[in-house]
There are 2 protein chains.
Amino acid sequence: MEAKRATIKDVAEAAGVGVATVSRVLSGGSASPATRERVLAVAAHLDYRPSALGRNLRQRRTGGIGLLVPDLTDTFFGQLAEGVLACARSAGEPVVLGSTGDDPEQEAELVGMLLEQSVDRVIAVPSGGADTWEPAARAGMTVVFADRLPAERPGDAPSGPMSGSASGSTADLMLLDGVPPPPPAAPAPPTGVPAVLADDRAGIRTAVRYLRGLGHRRIAFLGGPGHDRRVAAFREAVGSPVDEELVVFATGSRDSAYAAASGLFQSRPDLTAVLAGGNVLGEAAVLAARELDLRVPRDVSLVMYDDVPWAELCSPPLTVIAQPGRDIGYRACELVLRASGRRPRTVVLPTELIVRGSCGPLR
Amino acid sequence: MEAKRATIKDVAEAAGVGVATVSRVLSGGSASPATRERVLAVAAHLDYRPSALGRNLRQRRTGGIGLLVPDLTDTFFGQLAEGVLACARSAGEPVVLGSTGDDPEQEAELVGMLLEQSVDRVIAVPSGGADTWEPAARAGMTVVFADRLPAERPGDAPSGPMSGSASGSTADLMLLDGVPPPPPAAPAPPTGVPAVLADDRAGIRTAVRYLRGLGHRRIAFLGGPGHDRRVAAFREAVGSPVDEELVVFATGSRDSAYAAASGLFQSRPDLTAVLAGGNVLGEAAVLAARELDLRVPRDVSLVMYDDVPWAELCSPPLTVIAQPGRDIGYRACELVLRASGRRPRTVVLPTELIVRGSCGPLR
DNA sequence: AACCATGATGGAATCGTTTCCATGGAGGCG
DNA sequence: CGCCTCCATGGAAACGATTCCATCATGGTT
């Protein structure tokens, strides 16, 4: 019933040549025209396809590319994945996919899985910090980060001595309460790390200026996991004393995003504009605003990071900071494909403020 | 620099046993407690991870699961993918992903790639017809379809002018013009094909009844690739003489969806309700309606297939037919994992009409 | 005491490919 | 004419695991 696949041996036999010759013909080595033609004919006739298994074992690497994203349900990551897929297809490389749920632990587990599969090239939207990724690199993986960089240090504690909460780490940012901020340091200029990022800094700055121009002064930032760079840019753009109550973080889930948005609106009814750090946060903000009978943009202006198709569907249509998700994926894939030798470079893609209807003048 | 990974041989040597013993210990075979402990200790110490390459070659199969979807940018497929990923992770199986763009040719190419990788279990949202999938099955692949079934017949040409076509397959439905419809046959009760589908028939029927109940008589259907079952259900639900001008199809792209929706509204201003066969179509319908100054639901009622997070964001929030995307993926993965021996079964998951604000009484 | 069953163990074959190396023939040049 | 080079070619060794099979020790049974 199931015709088992022809092997190189079958082809060799049928063509009356040695396996080595077949291999050479098929991978472009030298061979006499006569032989070449015969082998090719036989191979086609037998519908021979070389087994990636054998080849990979011999070459000690799997052709594939690993792709790790936090959540495919987030349209932005869908776009990014499509970009990666497009590039990988054109290179003939399979892509093995993992969804981390923004959980460093799952991420580490998935990295392990890729390692086991000998997938040695990975594109990742990292959730974990350097401690997750350093071992991967040490194991010989070529890693290209997309959209984000891993948190600088593993157990880094920016936590003020103040509060006992003290767990300290970027996780502090997860807190809703107003922990004294680390100095509004400019986002460290990334360099040397192979990565493809959007120009968060410019994007955020433009958005903040735009809101400022409309008269807004009490602007809130609604962030999610991995938005460190964005929040840093926000702090920088807003200027020195940032009202910490206006900087709120959620975890990855939609529920958490909604809770954060709702909490923000309720605790600070005086805010006049919100900058959502991602489309899930934006969605939550719209929902929460509606629930609390806040009109957009009359009562509150809203700018969302990520241009997703539905941004235009909202009423009013959402003003967004567009980042080229598909391109980010595509470029990241290009980078990981030609990473051999070339020294790592981080490329930054432009963002664009797309003004639609969700921002209005302060009233 | 790069410590190369330890092999089973290294472990065997270090533990002073044979490779066979190591393999047995690691895969749960019999071994004396003393040996087992020693091997385990050494393996842990060397940070040994068995190479999937070696194993797979020996076992003539790749552990992985293939996943083929039309477009990850479509939130529904994102949900589906998340479901597959969740199940695959819990089974420890890697997932290799492909995006077909609803193009049978690309799909066939991707199937070939999976074959080459010896990925012998695939979950697919099929774009191509039986002619794409029959070879895959013949090559020994276990294929589980999700969300759709492949078109019944391969090369059915929907291109026939008027009469000649008469082929009368579901492919006919692709026509935009008003070809006389095949008798509104009930969707063939699927059986024997391993697949996980939503109960399109019930979902559509419920929606149509709901619209009917609101007084609507001229209800249009806006479909996309792979919506054959849905349009068949629509025909069935609407009853005998379906106004063929009210059944419109788009290709997969957003542009095409918009064009179809816009064209529909313009050519038939008398329609009072639209049933969109997928979330991309629904999005297009909202956009087109707005562009043409049609108010929802005052001028036109809208029901969309797929419950996506942003359905609630629209104003008015969209009434939808929800299908459990994540569950579909999860179940499909379960099916493909235990497909050995068990005879193929197609499972149908329930849909639910979620009434929000996009439908109103006829006026 | 001889024998057998049982269980642990290691050697070796195997999977399908690539690649190193040796061989042999043909042709060019001195 | 002889020698050297070059190319096409095939055999065989990897690659890293699993697994069959033979071996050996042990302990219980007759």
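In what follows, every heavy atom counts, from backbone to side chain, and hydrogens, waters and symmetry copies are set aside. Letters A, B, ... are given to chains in the order of the sequence lines, protein chains preceding strands, and every chain is numbered from 1.
- One can place CD of B/Glu37 at 15 Å from P of C/dA8, the figure rounded to the nearest angstrom.
- At a threshold of 4.0 angstrom between heavy atoms, the contacts of B/Gly18 are confined to the sugar-phosphate backbone, with no base atom among them.
- Here the nucleotide nearest the side chain of B/Thr21, chosen from C/dG10, C/dT17, D/dA17, is C/dG10.
- The interatomic distance linking A/Ile8 (CD1) with D/dG10 (P) rounds to 12 Å, in whole Å.
- Following rounding to the nearest Å, B/Glu116 (CD) and C/dT17 (P) show an atom-to-atom distance of 10 Å.
- Where A/Gly16 and B/Pro50 meet DNA chain D, the nucleotide closest to each residue was compared, and A/Gly16 sits on the side nearer the 5' end.
- Using a 4.5 Å cut-off on side-chain heavy atoms (C-beta onward), A/Val119 and A/Ile65 make no contact.
- Whole-Å rounding puts the B/Asn56 CG to C/dC15 P distance at 16 Å.
- Nearest-nucleotide positions on DNA chain C place B/Val19 closer to the 5' end than the other of A/Gln59 and B/Val19.
- If you check D/dT18, D/dG10, D/dA17 against the side chain of B/Ser51, the one that comes closest is D/dA17.
- A residue-by-residue look at B/Val17 and A/Thr7 shows that B/Val17 has its nearest nucleotide of DNA chain C further toward the 5' end.
- When heavy atoms are screened at a 4.0 angstrom cut-off, B/Ser27 is found touching no nucleic acid atom at all.
- Proximity of a side-chain donor or acceptor of B/Arg148 to a complementary backbone N or O of B/Pro126 within less than 3.5 Å is detected.
- Look at CZ on A/Arg61: it is 17 Å from P on D/dC15, rounded to the nearest Å.
- The CG-P distance, from A/Leu26 to C/dG16, rounds to 16 Å in whole Å.
- A sub-4.0 Å separation between OP1 or OP2 of C/dC15 and a side-chain N or O of B/Arg60 is absent.
- Looking at A/Arg58, its side chain has no donor and acceptor atom pair within 3.5 Å of the base of D/dG16.
- Here A/Arg49 lies in heavy-atom contact (under 4.0 Å) with sugar-phosphate atoms only.
- If you check every strand for non-hydrogen atoms under 4.0 Å, A/Leu53 touches nothing.
- Look at B/Arg121 and B/Glu93 and you find a salt bridge, because one of the NZ, NE, NH1 or NH2 atoms lies within 4.0 Å of a carboxylate O, short of that distance.
- Distance A/Leu57 CG to D/dT18 C1': 13 Å, rounded to the nearest Å.
- Base contact: A/Ser23 has a heavy atom under 4.0 Å from a base atom.
- Atom CG in A/Leu67 sits 7.0 Å away from atom CG in A/Leu80 (nearest 0.5 Å).
- Closest contact between the side chain of A/Ser32 and the listed nucleotides D/dG16, C/dT17, D/dT9 involves D/dT9.
- A/Glu82 and B/Ser99 share a side-chain donor-acceptor pair at under 3.5 Å.
- Rounded to whole Å, atom P of D/dA13 lies 13 Å from atom NZ of B/Lys9.
- Put simply, the side chain of A/Asp103 never gets that close to the backbone of A/Thr100: no donor and acceptor are under 3.5 Å apart.
- The side chain of A/Arg24 has D/dT9 as its nearest neighbour among D/dT9, D/dA8, C/dG16.
- Comparing D/dG16, D/dG11, D/dA8 by their closest approach to the side chain of A/Ala20 singles out D/dG11.
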